[in-house]
Amino acid sequence: MSLKFDHKAAEARWQAAWDKAQLFAADDASPAPKRYVLEMFPYPSGRIHMGHVRNYTMGDVIARTRRAQGFEVLHPMGWDAFGMPAENAAMERGVHPGEWTRANIAAMRGQLQRLGFALDWSRELATCEPDYYGHEQALFLDLMAAGLVFRKESAVNWDPVDMTVLANEQVIDGRGWRSGAVVERRRLSQWFLKITDFADDLRAGLDALPDWPEKVRLMQENWIGKSQGLRFRFILSPPLFREGSGEGASVSERWDRAVPPERPSPNPSLKREGSDGFDVFTTRPDTLFGASFAAIAAEHPIATALAETNPALAAFIAECRAGGTSAAEVETQEKRGYDTGLSVVHPLDPSIHLPVFVANFVLMDYGTGAIFGCPAHDQRDLDFARKYALPVPRVVAPDGEADAPIDAEAYVGPGRLVNSRFLDGMSVDDAKAAVIARAEAEGWGTGTTVWRLRDWGVSRQRYWGTPIPVIHCAACGAVPVPKGQLPVVLPEDVTFDRPGNPLDNHPTWKHVACPACGGAAVRETDTLDTFVNSSWYFIRFASAPLDQPFDKAVAEQWLPVGQYIGGVEHAILHLLYARFWTRALQRIGRLDVAEPFAGLFTQGMVTHETYRAVTLRTDEAGHPLMLGDEPVVEHHWVEPSAIERRDDGIFEVGSGLPIEIGRTEKMSKSKKNTVAPEPILERYGADAVRWFMLSDSPPERDLAWSEASIEGAWRFVQRVWRLATEPGDAEGEADPALLRTLHKAIAGITADIDKLQFNKAVARLYELVNAIERADASPSRVTAIVTLVQLVAPMVPHLAEEAWATLGQTGFVASAPWPVADPQWLVDDTVTYAIQINGKLKDTFETAKGMARVDVEAAVLARDKVIRALDGKTPKKVIVVPDRLVNLVA
RNA sequence: GCCCGCGUGGCGGAAUUGGUAGACGCAAGGGACUUAAAAUCCCUCGCCCUUACGGGAGUGCCGGUUCGACUCCGGCCGCGGGCACCA
């Protein structure tokens with residue numbers, strides 16, 4: 001009989017049955033050992049894409065397998081529901097962000113449910129609802145009380161037309177992506193979280209995460225960026241005269257004079273600054289005698305002070321600020337400086353005076369915003385010194401090259417100190433230590449660690465986010481909203497018809513009484529970065545009481561997440577912020593968990609070929625345009641569904657234009673190489689799609705979507721179904737060979753799933769199916785088919801349930817205990833020896849396991865092929881690897 | 001520029017971590033069944049030489065270690081990713 005597997009009926013039937021039985025609801029009170037399986041929750045963009053399908057399928061295999069293995073599994077789903085696309089939709093279509101988001105969630109929930117994931121939908125959450133973000137506000141206030149929140153001025157990208165702050169990726173070629181207006185740098189007072197407090201902790205903690213990809217740990221480590229060195233103070237030289245200050249002034253003949261020349265009294269604005277000098281940081285204190293200048297950032301307070309009375313300097317600073325910060329601009333940007341006319345005293349020799357520049361390559365927000373320049377051993381300093389004709393004294397050299405001149409490249413390699421007085425002859429490391437020791441002994445500097453990591457700015461001048469629960473009062477300052485007044489709810493009646501932040505524009509929302517003094521005050525109208533939302537959602541999944549963000553004891557039962565799965569694009573920010581937030585909660589005693597994600601897996605993208613139709617550009621009359629002798633060619637991207645393959649090539653449907661096949665790339669709208677999941681699900685069913693997602697490519701690598709492969713997946717589903725409907729007679733003898741294959745498959749597949757090597761598990765399942773198909777009817781064959789159904793259940797659950805029932809098994813296969821391999825079937829009693837001569841395979845032979853060495857040798861030497869290959873020679877040496885191979889060295 | 005990863009048939013990829021390279025899938029070719037098609041089943045399928053039997057080289061390139069190297073070491077080439085004026 002063997003009808004086709006009816007995926008539509010089976011999916012509907014089993015999804016309803018699972019739901020009715022509440023099969024996948026996690027029980028906090030269960031005595032079983034707990035496992036938390038989590039995939040990064042989606043942004044509700046409107047529809048799921050293949051990347052989601054791949055991500056959630058992998059997680060589902062883990063969750064279902066763990067459940068079958070007897071664990072109480074928490075596998076929840078929710079929505080990362082705040083963010084800009086909702087506001088864009090509001091502006092473009094006049095729909096309210098909340099309405100848009102909630103409609104998207106409803107649509108995507110339905111799509112996910114069609115895939116039959118073993119999710120606990122009772123724990124579903126959306127970050128845009130007050131019952132989520134209200135608790136987030138409470139946590140924010142807790143962190144604030146603990147001193148982990150502060151406010152400071154910070155520069156933002158400001159779009160003067162849309163009157164809004166832009167993220168860096170919204171600035172394209174210096175212009176706002178929407179308005180096209182030239183973006184300004186504005187300084188706004190913003191809220192920050194003190195992630196730098198945890199820099200060392202977050203870095204050191206990476207070592208305790210063996211189940212994270214090495215790559216991600218490295219990326220985080222680099223991002224945190226620990227640098228050890230010396231921080232010391234440069235004291236401004238006593239009044240001395242240096243003519244010719246200004247940009248490009250050549251001062252080389254002056255800076256190294258033993259006797260400082262005279263100069264006018266110090267700048268009055270500097271005096272007001274109360275500054276006798278400034279701090280610098282260096283990782284190369286060993287090269288201090290190679291110093292030839294000092295430089296401060298354009299935003300450095302000294303530069304700002306000097307600029308008040310120096311219009312030329314003010315202009316220079318303005319130019320520095322206008323310079324873009326994009327990678328390409330930075331790379332091509334020339335090193336430029338402005339000589340302030342000031343000098344500083346060399347800390348190791350007061351007779352040496354170094355000129356002070358304002359330089360465009362010194363960053364205010366790293367280290368102290370000021371450096372000493374050592375051109376011989378730092379490329380940037382060298383570029384700068386060459387431009388301004390500063391000396392380039394070498395102080396480190398490999399043995400015997402003390403006099404080798406520095407040309408266009410700074411020397412950053414190892415060597416010994418030269419031209420450095422008491423440091424001469426020391427290694428770089430010894431000299432670093434010696435200078436730090438001396439600085440500390442003499443009190444002008446200290447050994448310090450500096451981090452690349454910056455504090456986390458969480459203010460966003462946007463509507464669709466968590467309102468920051470603070471009230472600004474003229475008398476009391478920034479006052480936290482009392483916990484009893486939470487949540488601070490976003491007003492629904494907002495408009496997007498004018499530029500700016502709708503919260504700010506709202507007629508009444510922000511006007512409130514100060515909680516401290518009762519006077520007139522205004523609410524903070526900034527909202528929190530959406531990364532805050534995703535920094536604790538996994539805790540709320542584990543425990544979601546009404547009256548508090550989570551219950552400590554309940555959350556700790558589930559946490560940390562055993563297996564977290566998502567894209568590499570979140571390797572740094574999201575994962576670092578979540579790690580920080582968890583540690584911050586630990587510090588304030590709310591949760592005793594340091595690392596939120598014990599195991600992390602970053603899956604590859606789903607890709608597809610790209611197709612381009614080629615046309616000739618024509619003028620108004622329809623004649624092809626020519627560029628010289630060549631016609632001008634135009635391309636446009638064509639979606640996969642709009643091409644047809646014919647014997648004479650590939651063409652665009654409708655236009656008939658020839659198609660060029662381009663690179664296989666990440667599915668994207670711009671390249672039109674996306675394949676929507678819904679029609680595929682309709683046609684091939686959820687199980688075939690899930691199976692495809694697990695086949696072929698290793699999960700960390702990209703997976704190329706192809707019509708042929710999904711057909712192959714569909715065929716596999718049918719093959720398993722045929723076995724289930726025609727298992728054959730269970731009478732007669734057992735089939736030891738099949739049982740051996742079966743138990744090896746059980747062991748292998750279980751191990752593969754443990755290691756998330758789904759492609760290998762898939763290959764083994766194919767082998768098992770092949771073996772069962774070839775086997776004659778026997779009790780063993782029926783056993784093998786029943787076990788096969790269990791083994792494929794995490795991957796193709798609807799088919800498995802249907803097959804399970806058809807085979808007369810009771811209950812859900814989803815709840816059946818995971819098969820365990822019987823060790824007696826895992827050992828072979830025969831082995832195949834490979835016979836090599838000089839390492840090259842010549843022959844093989846089969847024999848009983850554990851054959852004595854001498855017997856093996858004798859058997860090998862007696863074989864025809866060996867005799868022929870040796871051609872009468874006696875092997876010089878015979879290497880026998882027991883039960884594996886023999887190598888004859890001739 | 002710095003850091004990291006990867007190069008295996010027409011394609012996606014296996015290879016017990018130093019021991020028979022190419023499992024498994026896709027594609028392709030041939031055949032069976034069928035009035036026909038679909039579905040299904042059987043066979044072939046990395047390269048070169050050979051009608052065959054066989055033989056040879058082979059895991060990006062060059063060299064090394066080893067009885068034996070896709071695997072380890074050194075040096076190149078190519079592709080991909082992350083960071084980027086971080087002192």
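Residue numbers start from 1 in every chain, and the chains themselves are labelled A, B, ... in the order their sequence lines are given, proteins ahead of strands.
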Looking at the rings of [X] and [Y], which for Trp means the six-membered one, are their centres under 6.0 Å apart?
{"X": "A/F692", "Y": "A/W705", "result": "yes"}
{"X": "A/W456", "Y": "A/F192", "result": "no"}
{"X": "A/F361", "Y": "A/F384", "result": "yes"}
{"X": "A/F293", "Y": "A/F372", "result": "no"}

Base orientation of B/rU65, syn vs anti, 90° cut from 0: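 For B/rU65, whose glycosidic angle is more than 90° from 0, the conformation is anti.
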Tell me whether B/rG9 sits syn or anti, counting syn as a glycosidic angle within 90° of 0.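 This nucleotide is in syn.
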Describe the nucleic acid contact of [X] in one word from base, sugar-phosphate, nothing, applying a heavy-atom distance below 4.0 Å.
{"X": "A/L363", "answer": "base"}
{"X": "A/S706", "answer": "nothing"}
{"X": "A/K876", "answer": "nothing"}
{"X": "A/V362", "answer": "base"}
{"X": "A/V881", "answer": "base"}
{"X": "A/E767", "answer": "sugar-phosphate"}
{"X": "A/F281", "answer": "base"}
{"X": "A/D383", "answer": "nothing"}
{"X": "A/R774", "answer": "nothing"}

A/D200 vs A/R203, salt bridge (charged side-chain N to carboxylate O under 4.0 Å, His left out): CA-CA, chis, key distance, verdict: CA-CA 5 Å; A/D200 212 0; A/R203 190 195 55 85; 3.1 Å; yes
Does a distance-only test, which skips hydrogens and angles, find a donor-acceptor pair under 3.5 Å between the side chain of [X] and the base of [N]?
{"X": "A/R380", "N": "B/rC86", "value": "no"}
{"X": "A/R715", "N": "B/rU40", "value": "no"}
{"X": "A/K335", "N": "B/rC85", "value": "yes"}

Please enumerate all residues that pass side chain to side chain donor-acceptor pair (under 3.5 Å) together with A/Q220, with sequence neighbours excluded.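 By the side chain to side chain donor-acceptor pair (under 3.5 Å) rule, A/Q220 matches A/R579.
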Who is the Watson-Crick or G-U wobble partner of [N], with both distances under 3.5 Å?
{"N": "B/rA84", "value": "none"}
{"N": "B/rC72", "value": "B/rG64"}
{"N": "B/rU17", "value": "none"}
{"N": "B/rC6", "value": "B/rG78"}

Contacting residues from residues 691-704 of chain A, given that a heavy atom lies under 4.0 angstrom of RNA chain B: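 Only A/D696, A/S697, A/P698, A/R701 qualify.
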Residue whose nearest RNA chain B nucleotide is more 5′ - A/E773 or A/V762: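 Nearest-nucleotide comparison on RNA chain B picks A/V762.
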For A/T844 and for A/A713, find the nucleotide of RNA chain B with the closest heavy atom, then tell me which residue's nucleotide is more 5'.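 Result of the comparison: A/T844.
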Anything under 30° is parallel, anything over 60° is perpendicular, the rest tilted; go ahead and classify A/F531 against A/H574.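 Geometry flag for A/H574 against A/F531: parallel rings.
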Using the ring of each side chain (for Trp, its six-membered ring), is A/F845 parallel, tilted or perpendicular to A/Y833, with breaks at 30° and 60°?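 Correct class here is parallel.
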Checking A/R394 against A/Y411: charged group under 6.0 Å from the ring centre and within 45 degrees of the axis?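 Yes, A/R394 and A/Y411 form such a contact.
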With a 4.0 Å cutoff (strictly under), does any side-chain N or O of A/K842 reach OP1 or OP2 of B/rG56?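 Yes, A/K842 has a side-chain N/O under 4.0 Å of OP1/OP2 on B/rG56.
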Do the side-chain N or O atoms of A/N887 get closer than 4.0 angstrom to the phosphate oxygens (OP1, OP2) of B/rU66?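 Negative; the distance criterion is not met.
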Which pairs, protein N/O on one side and nucleotides 79-83 of chain B N/O on the other, fall under 3.5 Å?
residue : atom : partner : partner atom : Å
B/rC83  : O3'  : A/R452  : NH1          : 3.3
B/rC83  : O2'  : A/R452  : NH1          : 3.3

One thing to verify: whether A/D279 and A/R231 come together as a salt bridge, which I'm taking to mean a side-chain N less than 4.0 angstrom from a carboxylate O.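 Here A/R231 pairs with A/D279 in a salt bridge, since their nearest N and O are under 4.0 Å apart.
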Flag side-chain contact, heavy atom, 4.5 Å: A/L723 against A/E773: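 Side-chain contact under 4.5 Å: yes.
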